[in-house]
**Q** 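Handing you this structure, nothing more for now.
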Amino acid sequence: MPKEAQIRVLYVQPGKYPEERVIEYTLAAMQTLVGGDIEAVYPWEDNAGVCL
């Protein structure tokens with residue numbers, strides 16, 4: 001798989017240390033990681049976002 005087809009993510013679980021992972025840049029891979037649907041949230045005024 002080409003490097004462009006992968007992304008680095010910070011995987012954060014409640015009560016655990018954050019963990020950096022490299023996953024495929026697909027909706028299916030993201031849904032597998034979180035165990036369900038993906039939702040993007042932008043709670044701050046800058047360009048930072050959170051995917052739930």
Side-chain angles (χ1 to χ4, degrees):
M1 171 176 292
K3 186 173 183 159
E4 296 81 27
Q6 296 180 333
I7 58 172
R8 289 182 356 184
V9 298
L10 188 60
Y11 184 58
V12 182
Q13 298 179 72
K16 297 184 180 180
Y17 288 107
E19 174 182 340
E20 183 180 331
R21 293 193 183 183
V22 177
I23 64 169
E24 292 181 33
Y25 189 36
T26 65
L27 178 59
M30 292 179 217
Q31 289 175 328
T32 298
L33 184 63
V34 301
D37 293 335
I38 301 295
E39 178 183 356
V41 179
Y42 300 93
W44 303 287
E45 292 181 18
D46 58 11
N47 291 329
V50 178
C51 291
L52 309 168

**Q** Listed by chain and number, what are the side-chain hydrogen bond (donor to acceptor under 3.5 Å, both in side chains) partners of Gln13, not counting sequence neighbours?
**A** none

**Q** Which other residues belong to the hydrophobic cluster containing Leu10, where Ile, Leu, Val, Met, Phe, Trp and Tyr are joined when side-chain heavy atoms lie under 4.5 Å apart, directly or via other members?
**A** Val12

**Q** Would a 4.5 Å heavy-atom cut-off, applied to side chains only, mark Met30 and Val9 as touching?
**A** no

**Q** Val22 and Val34: same hydrophobic cluster, using ILVMFWY side-chain contacts below 4.5 Å?
**A** no

**Q** Quick one: list whatever passes side-chain contact (heavy atoms from CB on, under 4.5 Å) with Thr26, sequence neighbours left out.
**A** Glu24, Ala28, Ala29

**Q** Would you give the length of the straight line joining atom CG of Asp37 to atom CD of Gln31, rounded to the nearest 0.5 angstrom?
**A** 6.0 Å

**Q** Quick one: closest heavy-atom pair of Ile7 and Tyr25, and the distance?
**A** CG2-CD1, 3.4 Å

